[in-house]
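This is a predicted model, so every value here is computed, not measured.
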Amino acid sequence: MERPVRLVIFDVDGTLVDSQADILGAMTRAFHAQGLDVPERDKILGIVGLSLPEAMARLAPDEAAAMQAELVEGYKRAYVEMRAKVGAAQSSPLYPGARAVLERLHAVPDLLMGVATGKSKRGLDKLVHAHDLKRFFVTQQVADFHPSKPHPSMIVQAMADAGVAAEDTVMVGDTSFDMEMAAAAGVQAIGVSWGYHPVHALRGARHVLDDFAALPGALNGIWGSGYE
């Protein structure tokens, strides 16, 4: 009996790529430009994965909506400028082992992959191009077209794009937002320890990985053999 087609959805920042230097730098420039105190590092990394409006609402809750909107635009400008200086591949490098695992999973005939990220389409497109990742992903869900995580919309659309059921879908991410989004969509979640939220925040994860190379084995633990 043939096994069903399955889908692995990856978060991007903190899961596939380490973009914290640019995130912290762009956030610092955005707040400084408005004469505001810059939030602490942990608070900034704690909002990674949210859409920018939701992130700014959490980082600057006492500011008016107009100021939060200015912070969003300032962050976008700063991020683009910083990335342009060195290129997306250098400013947001892949985590060790990421490409090897993507190649291995891409070779599994009945396994599809996608991404669900708080990035904009423009930002994701540049990153995918810089790292030559397009061939790996059959679906790419971005903040432009969905409510912010942890709303399940991104996962629901990814499953629709791939024609895959919830029981045959896994979300891989580094934040509590990814875990909550997976639960809201009724799919399994795998957390990673190398990202931006502490491991204790990854409640609901079926597995928490310390090494990218462990992902195929974790998929075997959920669906059975054949993913290594």
Side-chain angles (χ1 to χ4, degrees), residues 3-23 45 48-49 83 86-119 121 123-142 149 154-155 158-159 161-162 164 168-175 177-179 181-182 187-199 201-202 205-228:
R3 64 185 184 184
V5 174
R6 284 162 172 152
L7 175 66
V8 179
I9 305 171
F10 293 91
D11 168 58
V12 177
D13 295 311
T15 301
L16 287 175
V17 302
D18 186 3
S19 49
Q20 66 174 296
D22 280 354
I23 291 170
L45 293 181
V48 175
R83 183 180 57 202
V86 297
Q90 287 183 280
S91 65
S92 296
L94 287 166
Y95 280 105
R99 180 173 293 280
V101 169
L102 291 176
E103 293 278 6
R104 188 187 313 175
L105 296 179
H106 187 57
V108 178
D110 51 9
L111 186 69
L112 303 175
M113 293 184 289
V115 294
T117 176
K119 284 184 173 298
K121 183 178 187 303
L124 180 62
D125 286 349
K126 287 185 177 296
L127 189 69
V128 166
H129 176 74
H131 287 293
D132 190 24
L133 300 177
K134 185 176 181 179
R135 63 191 175 90
F136 294 122
F137 304 127
V138 300
T139 179
Q140 299 179 25
Q141 304 304 318
V142 296
K149 296 177 183 181
M154 290 188 189
I155 292 179
M159 291 190 296
D161 288 352
V164 174
D168 297 315
T169 301
V170 164
M171 177 71 205
V172 181
D174 70 303
T175 72
F177 311 128
D178 297 314
M179 304 301 104
M181 180 172 66
V187 308
Q188 297 272 12
I190 293 175
V192 303
S193 65
W194 54 80
Y196 304 148
H197 281 196
V199 169
L202 305 181
R206 177 75 174 269
H207 302 280
V208 177
L209 311 181
D210 294 323
D211 189 304
F212 231 114
L215 179 56
L219 295 176
N220 285 343
I222 294 173
W223 290 322
S225 63
Y227 298 99
E228 291 194 270

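Contact of the V187 side chain with the M159 side chain is registered, since non-hydrogen atoms from C-beta on lie closer than 4.5 Å. Residues F137 and L102 are in side-chain contact: their nearest non-hydrogen atoms beyond the backbone lie under 4.5 Å apart. Side-chain contact between I190 and I222 is present, with heavy atoms from C-beta onward closer than 4.5 Å. Looking only at side-chain heavy atoms (C-beta outward), V192 and V172 come within less than 4.5 Å of each other. A 4.5 Å side-chain heavy-atom check between Q141 and D161 finds at least one atom pair inside the cut-off. Contact check for D11 versus M171: side-chain heavy atoms found under the 4.5 Å cut-off.
Residue pairs meeting the salt bridge (Lys or Arg N to Asp or Glu O under 4.0 Å) criterion with at least one member in residues 95-104, sequence neighbours excluded: E103-R135. For the salt bridge (Lys or Arg N to Asp or Glu O under 4.0 Å) condition, the pairs that include at least one residue of residues 105-114, sequence neighbours left out, are R3-D110. For residues 206-217, the side chain to side chain donor-acceptor pair (under 3.5 Å) pairs, not counting sequence neighbours, are S193-D210.
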Counting only pairs under 3.5 Å, give me each side-chain donor-acceptor contact of residues 124-134, with atom names and distances, residues two or more places apart or in other chains.
unit_1: D125; atom_1: OD2; unit_2: K121; atom_2: NZ; d: 2.8
unit_1: H131; atom_1: NE2; unit_2: S92; atom_2: O; d: 2.7

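Every salt bridge (Lys or Arg N to Asp or Glu O under 4.0 Å) that K119 has, sequence neighbours left out, goes to D13. A search for ring pair (Phe, Tyr, Trp, His ring centres under 6.0 Å) contacts involving F10 returns nothing, not counting sequence neighbours.
The distance from the OH atom of Y196 to the CG atom of D18 is 4.0 Å, given to the nearest 0.5 Å. In this structure, NE2 in H197 is found 8.5 Å from CG in L202, a value given to the nearest 0.5 Å. Atom CG of D168 is separated from atom CG of L7 by 9.5 Å, given to the nearest 0.5 angstrom. Here the straight-line distance linking atom CG of L111 with atom NE2 of H106 works out to 10.5 Å at 0.5 Å rounding.
The minimum heavy-atom distance linking A189 with M179 is given by the pair CB-SD, 3.7 Å. Between P96 and F212, the shortest heavy-atom contact is O-CB, 3.7 Å.
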Between Q188 and W223, does a side-chain contact (heavy atoms from CB on, under 4.5 Å) hold up when you go through it step by step?
CA-CA 11 Å; Q188 297 272 12; W223 290 322; 5.8 Å; no
Apply side-chain contact (heavy atoms from CB on, under 4.5 Å) to V17 and V12, showing your working.
CA-CA 6 Å; V17 302; V12 177; 3.9 Å; yes
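Between Y95 and W194, the angle of the ring planes lies from 30° to 60°, which puts this pair in the tilted group.
Residue T117 is tested with I9, V142, T15 for a side chain to side chain contact (heavy atoms under 4.5 Å, CB included); the sole match is V142.
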